[in-house]
Amino acid sequence: MKTTMSSLSAFGDSSFQTPSKSRTRQGCHSAGPNVSGDHINLASSSMPSFPILQRSSEEKILYSDRLTLERQKLTVCPIIDGEEHLRLLNFQHNFITRIQNISNLQRLIFLDLYDNQIEEISGLSTLRSLRVLLLGKNRIKKISNLENLKSLDVLDLHGNQITRIENVSHLCDLRVLNLARNLLSHVDNLNGLDSLTELNLRHNQITFVRDVDNLPSLQRLFLSFNNISTFESVCCLADSSSLSDITFDGNPIAQESWYKHTILQNMMQLRQLDMKRVTEEERRMASVVAKKEEEKKRESHKQSLLKEKKRLTINNVARKWDLQQHRTPNIATNQDTKVSDSPSQDPSQLHGSAVVSAFPEETGSLDSGLTSALQGLSVTDTHLVEVDGDTLSLYGSGALESLDRNWSVQTAGMVTTVSFTFIEFDEIVQVLPKLKMKFPNSLHLKFKETNLVMLQQFNALAQLRRVDQLTIDPQGNPVVNFTLWKYYVLFRLSHFSMQKINGTEVTQNDMIMAERLFGILAHVASSELPQYRLISILGDARKKQFRYLLETKGKKPGLVNEENNDSKRLVGENTNRATLNYTTRDFYNERLEEIKEKKKFCKMYMEDLVKEATDINMKNEALQKLWPQMFIELVRDAVIEIRNKNSYMKLCLQQITDQK
């Protein structure tokens, strides 16, 4: 009987390997005196749809415990009377649609119905001794009606239409289960199969595996040609201590570079992988690669945390910006002024070099570890500072404080692009001198949501050392709605010889048009200003140029050569542009406060001077009135004192003596 029970490798995807396979094939499926059914007579019965099996006494003696009806074109199971001693029954390669007429064969151990047209498992409830049931290559859609087959050792259901593993948990003695070439999408409901040593699931549609770690005796698992793409979908296999052979070939996971190392690292008990013996060198390499992969995973996890924290911080900055922008118009309406209120800033900052997208609005799929880590992230940060390659990105007005840091020479020299987002342009103007000093190689400025609302604001950029590119995002910057804003930028910042504006190359025609549009405006602005006012708004270098213009103004044209004329013309143009400056609202308010304080001081000083002069005048008038009488009294007292000369001399001597 051992040879009979080990004959499963003859059935398509069967991978069961037991001893005496050749003997089994001879006894069950090979040509022989009883295999082809040549000596078997199927007589008609009183029931026309069921033939009756008849064997001679010699055949019953020769093959007393087995009966093969292979390739007999049977559409039903024949009635088998007088064969209750049968232990092996073979109906391979017929057209049987239903299992019936075998309930009397209660000693049957091996039943082979391979390659028929059976749609439902039935008619087996009395076969309590059945150990091997082969139903491969049929039309079965559901595993059912196996409740009484508790002694079943081998169950072959490959090549059917089964979509789910079910109703097998009571088969505690089952050692081999073949479900290859079915329609399974997942593996579960395997609890209770405590004796199962081999499970064949090849050629299904499986995407994940569960419950396999609850099979204490499982040694061989075949998962070839499925849809498994990640190790996480089969991670329960790592908890199986008995599993020694496994196959994943034909799955997407087997195409990954980390596949073999990950499997061997997590399943140290394996002896064979994809039908190949695992060597100690492969295990050692798997351990090394696994450590590197773990380091990469930790770094990726860290970068994901930084990316998500950046996203949360930017969202928080955006919310505060929106609140500020909605609040400002109300203040302007109530007070008839535009005052920019700067919210209080949180001092914490995020400063890293991770390469991330400019706006990671997408949250993406986060694993459970990352999700739990993100729960501890602070979302109260109101600004963000990030260096990504050659770009310095500043979000929120609090980020401007980062310009006071002690930046390393290497980092500061590497930055060529500075991006401002959710920051009032007037606040940016105040730190432009620091930007020029800290990042001398910055050539590209980007502004998004910075409240650029008028052309005059571009005047502030003239104080920088150099600007090659300028990007003004339409979002939050209404100034880009002006038709001529680009030409004004080119005119006012012509000394930078700008190359691009909003990604568009600047041409010579653009420069000529800018000069035509705004050249006269600058000339009028500079000529209408008083000299003292013009000098006050120019820097030291501009003041020297302006004085040079004044000194050469009265000279005859012939006294100055052509080169000097060109130089003076250029200096004049630059000076004209320099008069187009911009004063921020905060600075203007500070100047107003300063002027008020000065006026107040001058007023108090003048009042004190007037009061003092008034007092002096009053005293003078009083003295003029009293002086004649005072003079008479002084003369009288002097005459009286010197009338008696001797007495007067004694009195004087006495006074001198008393003074000593």
Side-chain angles (χ1 to χ4, degrees), residues 6-18 21 114-115 134-138 140 143 154-165 168 174-190 193 196-215 217-279 282-283 286:
S6 64
S7 64
L8 293 177
S9 61
F11 301 101
D13 270 283
S14 300
S15 59
F16 314 113
Q17 300 174 5
T18 50
K21 187 180 297 183
Y114 172 75
D115 190 16
L134 308 181
L135 289 169
K137 201 175 180 183
N138 278 279
I140 299 169
I143 304 175
V154 176
L155 177 59
D156 180 14
L157 292 168
H158 85 274
N160 283 281
Q161 302 170 20
I162 298 170
T163 59
R164 183 181 179 186
I165 302 176
V168 294
L174 188 67
R175 290 189 309 106
V176 179
L177 176 59
N178 186 359
L179 289 169
R181 295 188 183 276
N182 276 280
L183 303 176
L184 299 174
S185 61
H186 56 276
V187 179
D188 54 5
N189 297 326
L190 295 174
L193 302 179
L196 192 66
T197 60
E198 184 172 309
L199 178 59
N200 188 352
L201 298 169
R202 289 189 178 104
H203 292 283
N204 277 278
Q205 302 168 13
I206 297 170
T207 57
F208 67 89
V209 177
R210 285 198 297 255
D211 295 344
V212 173
D213 53 320
N214 295 326
L215 302 176
S217 303
L218 186 65
Q219 298 177 13
R220 295 175 294 279
L221 175 61
F222 305 101
L223 287 165
S224 305
F225 302 99
N226 280 284
N227 293 328
I228 299 170
S229 57
T230 64
F231 179 76
E232 286 72 19
S233 60
V234 294
C235 60
C236 65
L237 302 179
D239 298 327
S240 175
S241 58
S242 59
L243 194 61
S244 60
D245 298 350
I246 194 169
T247 64
F248 285 110
D249 54 302
N251 283 275
I253 189 176
Q255 305 300 320
E256 301 291 345
S257 58
W258 46 262
Y259 158 65
K260 190 170 186 178
H261 304 301
T262 301
I263 295 297
L264 294 181
Q265 175 65 18
N266 288 276
M267 304 176 68
M268 300 295 293
Q269 75 279 15
L270 284 185
R271 294 198 303 266
Q272 284 195 137
L273 176 61
D274 295 334
M275 308 302 291
K276 296 179 181 179
R277 187 175 66 86
V278 178
T279 65
E282 288 176 329
R283 294 186 191 278

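Source: prediction; values computed, not measured.
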query: Can you tell me how far the CD1 atom of Ile253 sits from the CG atom of Asn227, to the nearest 0.5 Å?
result: 12.0 Å
task: Would you indicate whether the side-chain heavy atoms of Met275 and Phe222 approach each other to under 4.5 Å?
output: yes
query: Do the rings of Phe248 and Tyr259 sit parallel, tilted or perpendicular, given the 30° and 60° boundaries?
result: perpendicular
query: Side chain of Asn160, backbone of Asn182: donor and acceptor closer than 3.5 Å?
result: no
- prompt: Under 3.5 Å, side chain of Asn138 to main-chain N/O of Gly136, donor-acceptor pair present?
  reply: yes
- line: Taking every heavy atom of Ser233 against every heavy atom of Ser229, the minimum-distance pair comes out as OG-N, 4.5 Å
- prompt: How would you list, by chain and number, every residue that makes a salt bridge (Lys or Arg N to Asp or Glu O under 4.0 Å) with Arg210, sequence neighbours excluded?
  reply: Asp188
- request: Evaluate the side-chain proximity of Leu218 to Leu190: yes if any heavy-atom separation is below 4.5 Å, no if none is.
  value: no
message: If we count only N and O atoms by modelled type, under 3.5 Å, do the side chains of Ser224 and Asp249 hold a donor and an acceptor together?
response: yes
query: Among Leu199, Leu157, Asp156, which residue meets the side chain to side chain contact (heavy atoms under 4.5 Å, CB included) test with Asn178?
result: Asp156
task: Run the numbers on Gln219 and Asp245 for side chain to side chain contact (heavy atoms under 4.5 Å, CB included), then give the verdict.
output: CA-CA 6 Å; Gln219 298 177 13; Asp245 298 350; over 6 Å; no
query: Taking the six-membered ring for Trp, is the centroid-to-centroid distance between His158 and Tyr114 below 6.0 Å?
result: yes
field: Within-4.5 Å side-chain heavy-atom neighbours: Leu215 and Ser240
entry: no
query: CG of Leu221 to OG1 of Thr197: how many Å apart, nearest 0.5 Å?
result: 11.5 Å
- prompt: Atom CG of Leu201 and atom OG1 of Thr247: how far apart are they, to the nearest 0.5 Å?
  reply: 9.0 Å
- prompt: Should Asn189 and Arg164 be marked as a side chain to side chain contact (heavy atoms under 4.5 Å, CB included) after you check the CA-CA gap, both sets of side-chain angles, and the distance that decides it?
  reply: CA-CA 9 Å; Asn189 297 326; Arg164 183 181 179 186; 3.5 Å; yes
- prompt: Within the side chain of Asn204, is there an N or O that forms a donor-acceptor pair under 3.5 Å with the backbone of Asn226?
  reply: no
query: What do the steps show when you test Leu179 against Ile165 for side chain to side chain contact (heavy atoms under 4.5 Å, CB included), and what is the final call?
result: CA-CA 9 Å; Leu179 289 169; Ile165 302 176; 3.8 Å; yes
message: Is any side-chain heavy atom of Thr163 closer than 4.5 Å to one of Leu184?
response: no
task: Answer yes or no: is there a side-chain heavy-atom contact under 4.5 Å between Val187 and Asp211?
output: no
query: Leu273 and Ile246: side chain to side chain contact (heavy atoms under 4.5 Å, CB included), yes or no, with the steps?
result: CA-CA 5 Å; Leu273 176 61; Ile246 194 169; 3.7 Å; yes
From CG (Leu196) to CG (Leu177), nearest 0.5 Å: 6.0 Å
- prompt: Once you round to the nearest 0.5 Å, how far does OG1 of Thr230 lie from CD of Glu232?
  reply: 5.0 Å
- line: In this structure, CZ of Phe225 is separated from NE2 of His203 (nearest 0.5 Å) by 5.0 Å
